[in-house]
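Lettering of chains follows the sequences in order, A, B, ..., and the numbering in each one begins at 1.
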Number of protein chains: 4
Amino acid sequence: MAKPTTTRAGTRPADSARRREILDAATEVFAEKGVVAATVRDIGARAGILSGSLYHHFASKEEMVAEILVPVLRSQVEAFDAIAAETSAPEQILRRLIGAAVAQTAADPHAARIIRNDTRHFGEMQGLDEVVRQQRAVTSRWTSAVKQGIARGRFRSDVDPSIVTKSIGDVVLGAYRFMRPMGRMPANQVAEQLARLILDGLEVR
Amino acid sequence: MAKPTTTRAGTRPADSARRREILDAATEVFAEKGVVAATVRDIGARAGILSGSLYHHFASKEEMVAEILVPVLRSQVEAFDAIAAETSAPEQILRRLIGAAVAQTAADPHAARIIRNDTRHFGEMQGLDEVVRQQRAVTSRWTSAVKQGIARGRFRSDVDPSIVTKSIGDVVLGAYRFMRPMGRMPANQVAEQLARLILDGLEVR
Amino acid sequence: MAKPTTTRAGTRPADSARRREILDAATEVFAEKGVVAATVRDIGARAGILSGSLYHHFASKEEMVAEILVPVLRSQVEAFDAIAAETSAPEQILRRLIGAAVAQTAADPHAARIIRNDTRHFGEMQGLDEVVRQQRAVTSRWTSAVKQGIARGRFRSDVDPSIVTKSIGDVVLGAYRFMRPMGRMPANQVAEQLARLILDGLEVR
Amino acid sequence: MAKPTTTRAGTRPADSARRREILDAATEVFAEKGVVAATVRDIGARAGILSGSLYHHFASKEEMVAEILVPVLRSQVEAFDAIAAETSAPEQILRRLIGAAVAQTAADPHAARIIRNDTRHFGEMQGLDEVVRQQRAVTSRWTSAVKQGIARGRFRSDVDPSIVTKSIGDVVLGAYRFMRPMGRMPANQVAEQLARLILDGLEVR
DNA sequence: TATGAATGAGGTTTCATTCAT
DNA sequence: CATGAATGAAACCTCATTCAT
């Protein structure tokens, strides 16, 4: 995982325990209500603090969003790059990308939910440039994996790569619903089922 | 003093042309910004009207959302039921459901986008009970199609039906991105590609 | 979107000094303009605060009304009950009820004015149930005092008790006009004159 | 009754039947909700017309109020003056004033209710100068009747004339509650009971 | 005369943010 | 670090009034 030792602008003591607690509360609230509908009062209430006091730890609501998502996305990009570097068979790559993405989702289901639901807003929000950048990086990893598979004749060429890519992305981002705390299945099992579905399809051959 | 949420009597001309225009404007704005972030001023601006004047036509922002989504969802449920009634082979049913859903998405891509992005908020919004009900109806159609296919041995039984159902739903709801005005592909082609992907999988056999 | 009427958690410091100041300002404004015509901006202006900031202390305009009136009415009911418990002669009871009511009016003339002028609206306003309940309690105290006097043959039986009760209520509630800050007479003198008028009538015998 | 053949400013056809109907609807609505809380939409709804169409008949909401109240008040002043002119005994005068006032209340209970509840607003509303003037005239009639009775030694002198006057005014204005449509007693009976109460008091001598 | 659409001002309320203590 | 008070902008919505048809 990337280490967020420095925060944008002149924000205070970097990362205390309190800061982490607040961020966890914010993560939950953002996941449940969405970043637009979530208010700083909601976050304060969940963290056991008054909303005004949040500003001792974070410069803005946006900064919280960034601080929640950037590490998650960065770590995903790193994981993806490692997989691409050490794997050669396209279906193996895709299978492992799915596994890594689902594992991330398992590690931080709230973050996954935020990404799935609020990506649309990140462009207009200030200070989320890095989030947007990392999201693009993730997408590009999926895209090259798919294109490579098609180029090597292992993936079907009669489906538009962009459709494949985005559909896989959607399916994987929705995996949080099948695992704790929302679902009941262990992450690796979810990953396996999604991989089967994506690679082999629903129909029995 | 307290805001009366009840529909004012005397207003509400059922559906005039102006009403339709405003609804179209609202549909666009909701799709682009999300129902929470979209303001009545945004809608008014797009419709060429002052925000207060919207209330000559609609009782609330919520009512607009309902009026946009209910017909779309109802028509989808009807289409789904017709397909289920006249088709017997599970893979045929699923293929046709996908086709119908994508066709809907093509007919009203903005509505699809709203559903995809804002479903989470509908439960807490007042006056959207019918929307929620129809959404449940849609989901139940997908679910029974999938379960039937599994029961008849045509769909794989090693993937949780709920995972299958939700994943298909996600993929189909995202189809608006590949068609006009956002994408460039004709609807029936998108439907065909998604059906292939879902039923046969990405891998070349 | 829909306005949540529930009291926000986290706010509401029970009663600070500021809260009292605002409540006093609100009391004046409500008394002068009436609860419907009084705007939160009026109240804010009188309290030296922006109208939005009022909501740091109160959940709604209605809550202010309730918080102004409930204690006044409750205290009146208590006073009435004490009188009824320790007094036996009907004319003595009535005289003392009038005295207590006028004393209340003297203690909080603005509240009396609000009650006199805006009772009609309380039923339709949200959160004023307790106000309505206490008002009924006050009325019932007047009614039983009058009926008791008639039953014991001390009050005339040729006038409908409901007319008597309501008329006395009206006269007493209007007492604020004769005392400071609107009038000039001391409260006990007003009470004495009203009691004479009510019990003995205007005519010289 | 004074004939309102001319309306203030350049308002249309003077008085058609429709105008009367609307005015009746407005009277009811004003009485029930109060002139501030009553909206032109309420009035239109009760009159079976759209609110905008009201302005073909009246220049403003205020004009309606004026047109409702001025004739009532003028007629009361005339009646009072006639009584004062043809009666000499103070208690007879007062008794007949009460009778006349209650009769007015019976004839137009809604108007009485409006006067009782909304007098406070008339000063700030535009175009109600004549209403205010006539209300002053009414008050002055009550005042002189009372003062005359005191001067002639027929009314008690140990109660402030202003208190007497205002209290009588309150009681009489509240009479609408005891007669149809709100109460059940015939007007002359209400008048008789109020006169007894005011002149002779509640206590049995 | 009436309708239906619109205006524009203003109402209550929300909310991110600031700051003295 | 946290509180509690406040700000100021902006949100949703209401309402008297106007006007073309």
Side-chain angles (χ1 to χ4, degrees), chain A residues 12-13 16 18-19 22 36-44 48-62, chain B residues 1-5 8 10-13 16-19 22 36-44 47-62, chain C residues 1-5 8 10-13 16-19 22 36-44 47-62, chain D residues 12-13 16 18-19 22 36-44 48-62:
Chain A
R12 267 109 313 197
S16 59
R18 195 80 187 88
R19 194 176 167 85
I22 292 170
V36 175
T39 71
V40 293
R41 260 208 286 260
D42 293 331
I43 297 170
I49 207 179
L50 284 184
S51 63
S53 305
L54 294 173
Y55 290 80
H56 287 286
H57 301 276
F58 302 94
S60 69
K61 190 176 145 182
E62 263 112 348
Chain B
M1 221 154 169
K3 303 278 156 56
T5 321
R8 255 153 310 120
T11 324
R12 324 293 316 295
S16 58
R18 196 71 184 95
R19 193 176 167 84
I22 292 170
V36 175
T39 72
V40 294
R41 267 209 275 267
D42 292 333
I43 297 169
I49 208 181
L50 285 181
S51 64
S53 305
L54 293 173
Y55 292 81
H56 183 64
H57 301 275
F58 302 93
S60 66
K61 196 176 139 180
E62 262 111 345
Chain C
M1 224 148 166
K3 304 278 156 54
T5 323
R8 254 153 312 117
T11 325
R12 326 293 315 296
S16 57
R18 196 72 184 93
R19 193 177 168 83
I22 292 170
V36 175
T39 71
V40 295
R41 268 207 274 265
D42 293 331
I43 297 170
I49 207 179
L50 284 182
S51 64
S53 305
L54 294 173
Y55 291 81
H56 184 63
H57 301 276
F58 301 94
S60 68
K61 197 176 139 180
E62 261 111 347
Chain D
R12 266 108 312 192
S16 59
R18 195 79 187 89
R19 194 177 168 85
I22 292 170
V36 175
T39 71
V40 292
R41 256 205 291 258
D42 292 331
I43 297 169
I49 209 179
L50 284 184
S51 63
S53 306
L54 294 172
Y55 291 80
H56 286 287
H57 302 274
F58 302 93
S60 69
K61 191 177 145 182
E62 262 113 348

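- With rounding to whole Å, D:His57 atom NE2 is found 6 Å from E:dT1 atom P.
- We find that CD1 of B:Ile43 is positioned 12 Å from C1' of F:dA11, with the value rounded to whole Å.
- B:His56 NE2 to B:Leu50 CG: the interatomic distance, rounded to the nearest 0.5 Å, is 13.5 Å.
- Every residue meeting the side chain to side chain contact (heavy atoms under 4.5 Å, CB included) condition with D:Val40, not counting sequence neighbours, appears here in chain and number order: D:Ser51, D:Leu54, D:Tyr55, D:Lys61.
- Among residues two or more places apart in sequence or in another chain, the salt bridge (charged side-chain N to carboxylate O under 4.0 Å, His left out) test is passed with C:Arg41 by none.
- For B:Leu50 and E:dG10, the CG to C1' distance is 13 Å, given to the nearest whole Å.
- Base pairing in DNA chain F yields stems of at least 3 consecutive Watson-Crick or G-U pairs, both distances under 3.5 Å, namely E:2-21 with F:2-21.
- The shortest distance between the side-chain N/O atoms of B:Ser16 and the OP1/OP2 oxygens of E:dA5 is below 4.0 Å.
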Next on the checklist: side-chain contact (heavy atoms from CB on, under 4.5 Å) for D:Arg18 and D:Ile49? Distances and angles first, verdict last.
Outcome noted: CA-CA 10 Å; D:Arg18 195 79 187 89; D:Ile49 209 179; 4.0 Å; yes
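- C:Thr39 meets the side chain to side chain donor-acceptor pair (under 3.5 Å) test with C:Asp42; sequence neighbours excluded.
- An OP1 or OP2 oxygen of E:dA5 is reached within less than 4.0 angstrom by no side-chain nitrogen or oxygen of B:Arg19.
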Checklist outcome for this item: Each nucleotide of nucleotides 16-21 of chain E classed B (base within 4.0 Å of a protein heavy atom), S (only sugar-phosphate) or -, in 5' to 3' order, makes BBB---
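- Rounded to an integer number of Å, the gap from CG of B:Leu54 to P of F:dC12 is 10 Å.
- Put simply, CZ on C:Arg18 is 17 Å from C1' on F:dT3, counting in whole angstrom units.
- Contact record, D:Arg19 with D:Ser16: N-OG, 3.2 Å, taken as the closest heavy-atom pair.
- Regarding C:Ile49, its CD1 atom lies at a distance of 4 Å from the P atom of F:dA6, rounded to whole Å.
- With rounding to whole Å, C:Asp42 atom CG is found 13 Å from E:dT12 atom C1'.
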